Undergrad: 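Next up is a structure, given as structure tokens.
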Amino acid sequence: MLRNVPFPAAMPAILALLLALLLSALLLRSWCPYLVHDVRNVYRAVILAIRIWNYKRKQPPITLLDVFLQKVRQFPDKTFVLFEGRALSYSELDRQSNKVARVLQGRAGLRQGQCVAILFSNQPLFVSVWLALAKLGCPVAFLNFNIRGKSLLHCFKCCASQVLIVGGDLRCSVEDVLPSLRENNITVLIFDDKCTTESIGNDEIQVASDQPLPLSLRSHVTFDSPFIYIYTSGTTGLPKAAIITHSRAHLFAFFVATCDVYSNDVIYTTLPLYHSAGSMVGICGCIYAGATVVLRRKFSVSQFWDDCRQYDVTVIQYIGEMLRYLCNAPKMFMPFHLVKYDVDREALVRDANGHCIEVAKGEPGLLIAKITPKTPFLGYAGNSVLTNQKQLRDVFCKGDLYFNSGDLMMLDHDNFIYFKDRIGDAFRWKGENVSTTEVADILSVLDFVQEVCVYGVTVPGHEGRIGMAAIQLQSGRDLDRSQLYEYLRTHLPSYAWPRFVREQKQIETTGTFKYHKVTLTKEGFNPMTIQEPLYFLDDQKRTYVPMDQQLYNSIITGQVKL
């Protein structure tokens with residue numbers, strides 16, 4: 001419609017069209033804030049669906065085992081399973097499963113299509129045995145390790161298996177049914193080092209070959225072949241064995257892949273692997289993404305978040321009541337209080353009864369933790385004064401005792417906790433606590449320094465505070481900036497260096513001879529508000545350089561690295 005209109009005359013219409021498009025985009029974003037995210041997930045789902053379709057069309061079809069072997073070739077040394085401090089790579093699990101497959105084939109004469117029942121707790125051996133049986137073309141029935149006696153026999157018979165493989169830690173679970181299994185000529189193999197006819201010792205596994213097994217052992221496996229059997233909970237009677245085909249297994253893993261799980265993720269699985277959520281979503285989903293899975297023998301409320309921190313977990317898996325258990329144990333995960341603290345007075349704020357006051361969410365407060373026989377504070381060796389300073393008494397009631405962390409923290413409305421500042425004669429920079437007294441003592445040795453006050457100042461875009469020193473020079477002396485730089489490099493770690501130095505004719509003190517650090521801290525390092533000489537530590541020039549407005553702007557905008 002603007003084809004024959006001269007360009008200058010068309011400009012208002014073009015601008016109006018662009019403005020309309022911009023407004024439409026903004027409105028769409030406000031109405032559908034997750035549109036881009038959803039479109040990206042739909043696109044990923046379509047790509048994965050096409051991939052699965054291609055897997056099915058290939059002859060032989062590409063199963064989840066083949067996907068695992070692709071990951072082994074792609075990144076053999078990447079950690080696949082983390083368990084109780086052990087890390088097993090994709091290639092290690094592959095080689096171990098090859099060994100197990102050869103032992104099982106030799107001991108039980110397994111052939112493809114023959115169902116095998118396994119009874120294992122959550123551990124890497126569960127995964128190894130599962131992969132081993134898949135390499136032999138055998139579907140696997142995952143038995144619930146909590147069941148015993150007749151229920152165990154019932155579940156075993158459901159899958160029409162003639163072989164039962166048991167983890168060594170569950171030997172006692174099958175001892176009372178062993179006579180019945182033997183009467184029915186069932187082969188029972190137990191992974192432990194006890195010398196019995198059913199035992200498979202670690203030595204036997206270690207001497208087996210870890211070379212890849214021939215594809216001919218699983219040549220008849222199709223997408224419709226049984227992959228595993230998962231047992232229902234038995235809400236309408238005894239448990240039943242649900243058949244999970246190779247095709248359905250792909251769909252389970254496909255679901256995880258569409259949930260923004262990638263190869264750099266660490267998935268935390270505390271669910272039992274005999275359950276479809278633990279095995280199909282947790283393990284198979286991890287394989288599909290090429291990620292790392294953290295296994296735990298069983299769910300623990302007290303250890304859950306500690307494990308997440310220890311293993312840098314990025315994805316957690318839950319089902320049923322797990323989240324409720326976690327949410328209903330706030331004291332276990334927040335064994336602390338945040339109480340009001342007056343920074344200017346450097347003192348706790350107490351109510352009319354002399355008790356501390358807890359802060360509201362979103363408000364900074366001093367982090368304290370109760371001292372009990374189970375959570376003792378042993379103090380500092382040879383320094384009872386400092387030990388007493390870290391102990392707070394009569395905090396919430398007469399006679400109670402709390403540990404003073406010295407950290408001002410803030411809890412947001414989602415219960416995430418953030419560090420705000422250090423109290424007293426210390427500040428935190430680069431994750432390290434810096435003692436202002438220690439830095440000041442070191443600086444005071446310099447022959448051109450008469451008085452020095454060290455404190456921390458905030459910098460936009462950085463957590464904590466960075467070091468700054470106000471220096472009163474000896475009469476008739478100048479600030480030797482190069483000497484100061486070299487002296488700091490020799491005597492202090494880099495995180496404790498005062499990055500800013502301010503010359504003062506006289507450093508003012510209070511009536512009790514304390515420096516006015518609060519005032520100095522608030523004034524910061526802005527040359528527009530500070531009329532005295534101001535310097536910045538320049539690592540490249542290996543000296544302190546005069547601070548001007550241009551340098552100041554570069555620092556607060558992040559152009560200068562601190």
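Small disclaimer: the values here were computed from a predicted structure and weren't measured.
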Undergrad: For residues G278 and Q317, report the shortest heavy-atom separation together with the two atoms involved.
TA: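 Looking at all heavy atoms of both residues, the shortest contact is N-NE2, 4.0 Å.
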Undergrad: Any chance you could measure I507, atom CD1, to I471, atom CD1, to the nearest 0.5 Å?
TA: 8.0 Å
Undergrad: Go through the steps for Y268 and F304 under the test ring-ring contact (aromatic ring centres under 6.0 Å, His included), then give the verdict.
TA: CA-CA 9 Å; Y268 186 39; F304 190 92; 5.0 Å; yes
Undergrad: Before you tell me yes or no, could you show the steps for D77 and E92 under side-chain contact (heavy atoms from CB on, under 4.5 Å), namely the whole-Å CA-CA distance, both residues' side-chain angles and the distance that decides it to 0.1 Å?
TA: CA-CA 8 Å; D77 297 326; E92 285 177 303; over 6 Å; no
Undergrad: Does Y90 form a side-chain contact (heavy atoms from CB on, under 4.5 Å) with T79? I'd like the steps, not just the answer.
TA: CA-CA 6 Å; Y90 274 79; T79 299; over 6 Å; no
Undergrad: In sequence, state the C-alpha distance, the side-chain angles, and the governing distance for E451 and L473, and then conclude on side-chain contact (heavy atoms from CB on, under 4.5 Å).
TA: CA-CA 7 Å; E451 292 283 343; L473 298 172; over 6 Å; no
Undergrad: Would you name the heavy atoms of V439 and P498 that are closest together and state the gap between them?
TA: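 In terms of heavy atoms, the two residues are closest at CG1-CG, 4.0 Å.
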Undergrad: Would you say V294 and D307 make side-chain contact, with heavy atoms under 4.5 Å?
TA: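 No - every pair of side-chain heavy atoms lies 4.5 Å or more apart.
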Undergrad: Is a side-chain N or O of S91 found less than 3.5 angstrom from the main chain of P76, in a donor-acceptor match?
TA: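 Yes, S91 side chain to P76 backbone: donor-acceptor pair under 3.5 Å.
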Undergrad: Pairing donors with acceptors under 3.5 angstrom, does anything connect the side chains of T314 and D265?
TA: yes
Undergrad: Can you name the nearest heavy-atom pair linking E523 to R502, along with the distance?
TA: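 Closest approach of E523 to R502, heavy atoms only: OE1-NH1, 2.7 Å.
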Undergrad: Taking atom types as modelled and ignoring hydrogens, do the side chains of S302 and S300 form a donor-acceptor contact shorter than 3.5 angstrom?
TA: yes
Undergrad: Just by distance, do the side chain of S554 and the backbone of Q559 share a donor-acceptor pair under 3.5 Å?
TA: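 Answer holds: no.
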Undergrad: Decide yes or no for K298 and L271: does some side-chain heavy atom of the first lie under 4.5 Å from some side-chain heavy atom of the second?
TA: no
Undergrad: Tell me whether K78 contacts the main-chain N or O of K71 through its side chain, where contact means a donor paired with an acceptor under 3.5 Å.
TA: no
Undergrad: With side chains defined as the heavy atoms from C-beta onward, is the minimum distance between F536 and L551 less than 4.5 Å?
TA: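 A side-chain contact under 4.5 Å exists here.
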Undergrad: Using 0.5 Å steps for rounding, measure from the CZ atom of F252 to the CD1 atom of I283.
TA: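 Here the interatomic distance stands at 14.0 Å.
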Undergrad: Look at the side chain of T270 and the backbone N and O of F299, then say whether any donor-acceptor pair between them is shorter than 3.5 Å.
TA: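 The answer is no, because no donor-acceptor pair under 3.5 Å joins these two groups.
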Undergrad: So how far is it from K522 NZ to T529 OG1, rounded to the nearest 0.5 Å?
TA: 13.5 Å
Undergrad: If you take all heavy atoms of L64 and I287, which pair is closest and at what distance?
TA: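 Taking every non-hydrogen atom into account, O-CG2, 4.3 Å.
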Undergrad: So do the side chains of N526 and Q549 get within less than 4.5 Å of each other, counting heavy atoms only?
TA: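 Yes, at least one pair of side-chain atoms sits under 4.5 Å.
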Undergrad: Checking the side chain of H491 only, and the main-chain atoms of Y487 only, is there a donor and an acceptor separated by less than 3.5 Å?
TA: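 Looks like yes, one N/O pair under 3.5 Å.
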Undergrad: Give a yes or no answer on whether the side chain of K390 reaches the backbone of N404 with a donor-acceptor pair at less than 3.5 Å.
TA: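 Yes; judged by distance alone, with no hydrogens or angles, the pair exists.
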Undergrad: Considering only NZ, NE, NH1 and NH2 on the basic side and carboxylate oxygens on the acidic side, decide whether E486 and R542 come within less than 4.0 Å.
TA: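 Salt bridge: yes.
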Undergrad: Does the W429 side chain pair with the main chain of G464, one donor and one acceptor, at a distance under 3.5 Å?
TA: no
Undergrad: Are V359 and H337 close enough that some pair of their side-chain heavy atoms sits under 4.5 Å apart?
TA: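 Answer no - side chains too far apart.
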Undergrad: Between Y455 and C453, does the side-chain contact (heavy atoms from CB on, under 4.5 Å) criterion hold? Intermediate values first, please.
TA: CA-CA 7 Å; Y455 49 98; C453 175; 4.0 Å; yes
Undergrad: Are the side chain of D394 and the backbone N or O of G354 linked by a donor-acceptor pair below 3.5 Å?
TA: no
Undergrad: Give a yes or no answer on whether the side chain of Y535 reaches the backbone of E503 with a donor-acceptor pair at less than 3.5 Å.
TA: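 A pair under 3.5 Å: no.
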Undergrad: Taking the side chain as C-beta and beyond, is there a heavy-atom pair between K340 and L348 under 4.5 Å?
TA: no
Undergrad: Testing K561, R499, R489 one by one against D539 for a salt bridge (charged side-chain N to carboxylate O under 4.0 Å, His left out), which residue passes?
TA: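 Result: among K561, R499, R489, R499 is the only option passing the salt bridge (charged side-chain N to carboxylate O under 4.0 Å, His left out) with D539.
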Undergrad: Nearest 0.5 Å, what's the CG-CD1 distance between L488 and I442?
TA: 8.5 Å
Undergrad: Hey, does the side chain of D538 reach the backbone of Y544 with a donor-acceptor pair shorter than 3.5 angstrom?
TA: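 Not a single qualifying donor-acceptor pair exists.
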Undergrad: Inspect the contact between D400 and K370 and indicate whether a charged nitrogen and a carboxylate oxygen are less than 4.0 angstrom apart.
TA: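 No.
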Undergrad: Tell me whether E84 is salt-bridged to R297, with the criterion being a basic N under 4.0 Å from an acidic carboxylate O.
TA: yes
Undergrad: To the nearest 0.5 angstrom, please state how far the OH atom of Y552 sits from the CZ atom of F525.
TA: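 Result: 5.5 Å between the selected atoms.
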Undergrad: Could you check whether any side-chain heavy atom of P460 comes within less than 4.5 Å of a side-chain heavy atom of T458, counting everything from C-beta outward?
TA: no
Undergrad: Heavy atoms only: give me the nearest R350-V395 pair and the separation to one decimal.
TA: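 Closest pair (atom of R350, atom of V395, distance): NH1-CA, 4.2 Å.
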Undergrad: Check A470 against L520 and note the closest heavy-atom contact, atom names and distance.
TA: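 What the structure gives for the nearest pair is CB-CD1, 4.3 Å.
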Undergrad: So H250 and Y55, would you call those rings parallel, tilted or perpendicular, with 30° and 60° as cut-offs?
TA: tilted
Undergrad: Any side-chain heavy atom of I466 within less than 4.5 Å of one from F427?
TA: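 I466 vs F427: side chains apart.
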Undergrad: If you measure from CZ on F80 to CG on L88, what distance do you get to the nearest 0.5 Å?
TA: 9.5 Å
